[in-house]
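Here is the structure we will look at, set down as structure tokens.
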Protein chains: 2
Amino acid sequence: MGTTQLGTVPEPKYWHLRTVLAEALDTEFAVGEILPNERELAARFGVARATLRQALEQLELEGRLQRRRGVGTTVAPPRLGVDVSTPTHVWPGADQDAWQPRDCVLAPAPAPVARLLETAADEAVHTVRRVRVTHGQSVAAELIYVPSASVPELSAIDAPSGPARARSVLRELRRPALDGQDRAVELGSARADDAKELDRLPGAPVLVVTTRYAVAGRIAAVSVATYRADTCRLTFGESGDLEISDQPQERRAS
Amino acid sequence: MGTTQLGTVPEPKYWHLRTVLAEALDTEFAVGEILPNERELAARFGVARATLRQALEQLELEGRLQRRRGVGTTVAPPRLGVDVSTPTHVWPGADQDAWQPRDCVLAPAPAPVARLLETAADEAVHTVRRVRVTHGQSVAAELIYVPSASVPELSAIDAPSGPARARSVLRELRRPALDGQDRAVELGSARADDAKELDRLPGAPVLVVTTRYAVAGRIAAVSVATYRADTCRLTFGESGDLEISDQPQERRAS
DNA sequence: TAGTGGTCTAGACCACTCG
DNA sequence: GAGTGGTCTAGACCACTAA
């Protein structure tokens, strides 16, 4: 038996369909244009609607399509480059950045966050919720967790809730000198509350950026920001003008 | 009308199933354990197999499950933290890093890459392929594109192809002084060749890290690295020991 | 060869948007 | 109310793995 079988691998229909559609998007459609509806596309390609949807899901995951219930499927614009790099010693909300404070509650953090903060699982922490808006679009929702022990002054804030309280907490947060921060990016799916904020359905793919803020050698705060994976490209450094949105074509073997 | 309707939103079955399964994973299963097969699980929960699969797909996307055809569905270990931060002035392959050179060809770059390099779409560029291995696992596949003009010495390399040529090219690449680099992360789906290298099926979700290398104010090289999104968490800075793998629980509204 | 996940079908109904 | 995408069903067959 040969080592590599060339013609014997039957490509799944939905994968082939994805390729065909991707080429059509490049050549026959403009950004924002509406595609024929799923039932018509499925009929046109001679496949079941579920199969056609599998191909569309791929293209949506790659940021090339946008689908909205009740409206239709449109050709997505290139992904927005969103800068997530920060000066090492700057707290969130330090200056007029792109974030809009939404609310702040005092509640126990989720278990994984509590582990990062090295607090008891049931200890209440200040939780600021804010949303990042770029080009008129909500691209990220963030939760910032601050244990009371990190910034004692927080307990003196009297605004009961809402954006006002969130702003106060962020202001007080700037008191302690920040040693540094580090960051991790991973794939996740939007929880119900984030999905609503981002105008997506629950389960939509998101890029989760977890940041730890260190003060005096300890983690003083943790933020978990979820970015829309379909419309965003996270940039670090001065790479805001990067223009990679298309998938590279299939390469030829050597 | 009230501002928030609590019981009126019928949660999709697959989403509810995802939650139930996620809790079961936390409490009843150990890492590596094999779940009952899909047909049995579907029967147990009284749903169609397709619906059950939708829930499993979510959990796989979140890195909590691993599914292998012919084998079964197992509980995934926490995601590997993979450091993707680099000193600003260091070329790839500069020292003994975790990458294994595979091959190098001289071929036209994909259109989006050519745009980044500011080369003609049909101009042949040196393309190094290498694979990143951590803990005995292939976690990323990378293509490094270097136009001949950037490093003239490359044309003198005589190794025809294979890892030897790839190593030679990476060695010559270190000649010009690197001004700096910048980086972007976005969601993509694995092409056939990358999927094979990463032991995944085509279309599997990947985190695409695009790096531009600047020399004398111009982009001298571009690398596109695709990381397995299911098993990897990309870390920047000293955050290698971050331990966020679970999704935060649903939070209570204020 | 038995058992697993992966693909595919042909329907049905629902939730949402918009004219 | 018409049209869209989202969810769901109950099957079928295929590709792959391992005993």
Side-chain angles (χ1 to χ4, degrees), chain A residues 1 4-5 7-19 21 33-61 65-76 189-190 192 195-196 199-205 230, chain B residues 5 7-19 21 33-61 65-76 189-190 192 195-196 199-205 230:
Chain A
M1 197 179 76
T4 53
Q5 309 181 344
T8 61
V9 184
E11 204 177 25
K13 275 191 190 179
Y14 79 91
W15 187 254
H16 179 242
L17 209 49
R18 185 207 78 106
T19 308
L21 287 169
E33 199 167 343
I34 302 184
L35 268 63
N37 72 53
E38 297 184 350
R39 290 161 178 87
E40 159 141 14
L41 279 177
R44 192 180 295 184
F45 287 104
V47 299
R49 191 177 154 221
T51 305
L52 185 269
R53 278 180 60 80
Q54 225 176 327
L56 294 184
E57 266 152 34
Q58 284 285 339
L59 291 167
E60 191 177 29
L61 202 74
L65 288 181
Q66 204 164 339
R67 300 192 287 173
R68 273 173 305 172
R69 170 155 48 177
V71 180
T73 302
T74 57
V75 180
S189 53
K196 194 178 169 190
D199 192 28
R200 302 256 62 200
L201 293 172
D230 56 344
Chain B
Q5 308 183 343
T8 62
V9 184
E11 203 176 25
K13 275 191 190 179
Y14 79 91
W15 187 254
H16 180 242
L17 210 49
R18 185 208 79 106
T19 308
L21 287 169
E33 200 168 340
I34 301 184
L35 268 62
N37 71 54
E38 298 184 350
R39 289 160 180 86
E40 160 141 14
L41 279 178
R44 192 179 297 185
F45 287 105
V47 298
R49 192 178 152 216
T51 304
L52 183 270
R53 278 179 61 80
Q54 226 177 326
L56 295 183
E57 265 151 36
Q58 284 286 339
L59 291 167
E60 191 177 30
L61 203 73
L65 287 181
Q66 202 164 340
R67 299 194 287 172
R68 273 173 305 171
R69 172 157 45 179
V71 179
T73 302
T74 57
V75 181
S189 53
K196 193 178 168 189
D199 192 25
R200 301 257 63 199
L201 292 173
D230 54 344

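Note that the structure is predicted; figures quoted are calculated from it, not measured. Throughout, protein chains are lettered first and strands after them, A, B, ... in sequence-line order, and every chain is numbered starting at 1.
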Donor-acceptor pairs are to be reported for all side-chain atoms of residues 68-75 of chain B against protein atoms at under 3.5 Å, with residues two or more places apart or in another chain.
{"from": "B:Thr74", "atom 1": "OG1", "to": "B:Gln66", "atom 2": "O", "distance (Å)": "3.4"}

Mind checking side chain to side chain contact (heavy atoms under 4.5 Å, CB included) for [X] and listing every partner two or more places apart, or none if nothing turns up?
| X | answer |
| --- | --- |
| A:Arg39 | A:Asn37, A:Arg49 |
| B:Ala195 | B:Ala190, B:Pro202 |
| B:Leu41 | B:Leu35, B:Pro36, B:Phe45, B:Leu52 |

Tell me the interatomic distance from [X], atom [atom1], to [N], atom [atom2], rounded to whole angstroms.
| X | N | atom1 | atom2 | answer |
| --- | --- | --- | --- | --- |
| A:Leu52 | C:dG11 | CG | P | 16 Å |
| A:Arg18 | C:dC8 | CZ | P | 14 Å |
| B:Trp15 | C:dA15 | CH2 | P | 18 Å |
| B:Leu17 | D:dT7 | CG | P | 13 Å |
| A:Gln66 | C:dT17 | CD | P | 14 Å |
| B:Lys13 | C:dA15 | NZ | C1' | 16 Å |

Inset, instruction - State which residues pass side-chain hydrogen bond (donor to acceptor under 3.5 Å, both in side chains) with A:Glu40; sequence neighbours excluded, sorted by chain then number. - result: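 Partners of A:Glu40 under the side-chain hydrogen bond (donor to acceptor under 3.5 Å, both in side chains) test: A:Arg44.
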Legend entry - OP1 or OP2 of C:dT9 under 4.0 Å from side-chain N/O of A:Thr51: yes
Legend entry - A:Leu56: which of A:Leu61, A:Leu17, A:Leu21, A:Thr51 passes side chain to side chain contact (heavy atoms under 4.5 Å, CB included):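 The single option meeting the side chain to side chain contact (heavy atoms under 4.5 Å, CB included) with A:Leu56 is A:Leu21.
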I'd like a table of atom pairs between the protein and nucleotides 2-6 of chain D - only N or O on both sides, under 3.5 Å - with the distance next to each one.
{"from": "D:dG3", "atom 1": "N2", "to": "A:Gly70", "atom 2": "O", "distance (Å)": "3.4"}
{"from": "D:dT4", "atom 1": "OP1", "to": "A:Asn37", "atom 2": "ND2", "distance (Å)": "2.8"}
{"from": "D:dT4", "atom 1": "OP2", "to": "A:Asn37", "atom 2": "ND2", "distance (Å)": "3.1"}
{"from": "D:dT4", "atom 1": "O2", "to": "A:Gly70", "atom 2": "N", "distance (Å)": "3.1"}
{"from": "D:dG5", "atom 1": "OP1", "to": "A:Thr73", "atom 2": "N", "distance (Å)": "3.4"}
{"from": "D:dG5", "atom 1": "OP1", "to": "A:Thr73", "atom 2": "OG1", "distance (Å)": "3.1"}
{"from": "D:dG5", "atom 1": "OP2", "to": "A:Glu38", "atom 2": "N", "distance (Å)": "2.9"}
{"from": "D:dG5", "atom 1": "N7", "to": "A:Arg39", "atom 2": "NH1", "distance (Å)": "3.1"}
{"from": "D:dG5", "atom 1": "O6", "to": "A:Arg39", "atom 2": "NH2", "distance (Å)": "3.1"}
{"from": "D:dG6", "atom 1": "OP2", "to": "A:Arg53", "atom 2": "NH1", "distance (Å)": "2.8"}
{"from": "D:dG6", "atom 1": "OP2", "to": "A:Arg53", "atom 2": "NH2", "distance (Å)": "3.3"}
{"from": "D:dG6", "atom 1": "OP2", "to": "A:Arg67", "atom 2": "NH1", "distance (Å)": "3.4"}
{"from": "D:dG6", "atom 1": "N7", "to": "A:Arg49", "atom 2": "NH2", "distance (Å)": "2.8"}
{"from": "D:dG6", "atom 1": "O6", "to": "A:Arg49", "atom 2": "NH1", "distance (Å)": "3.0"}

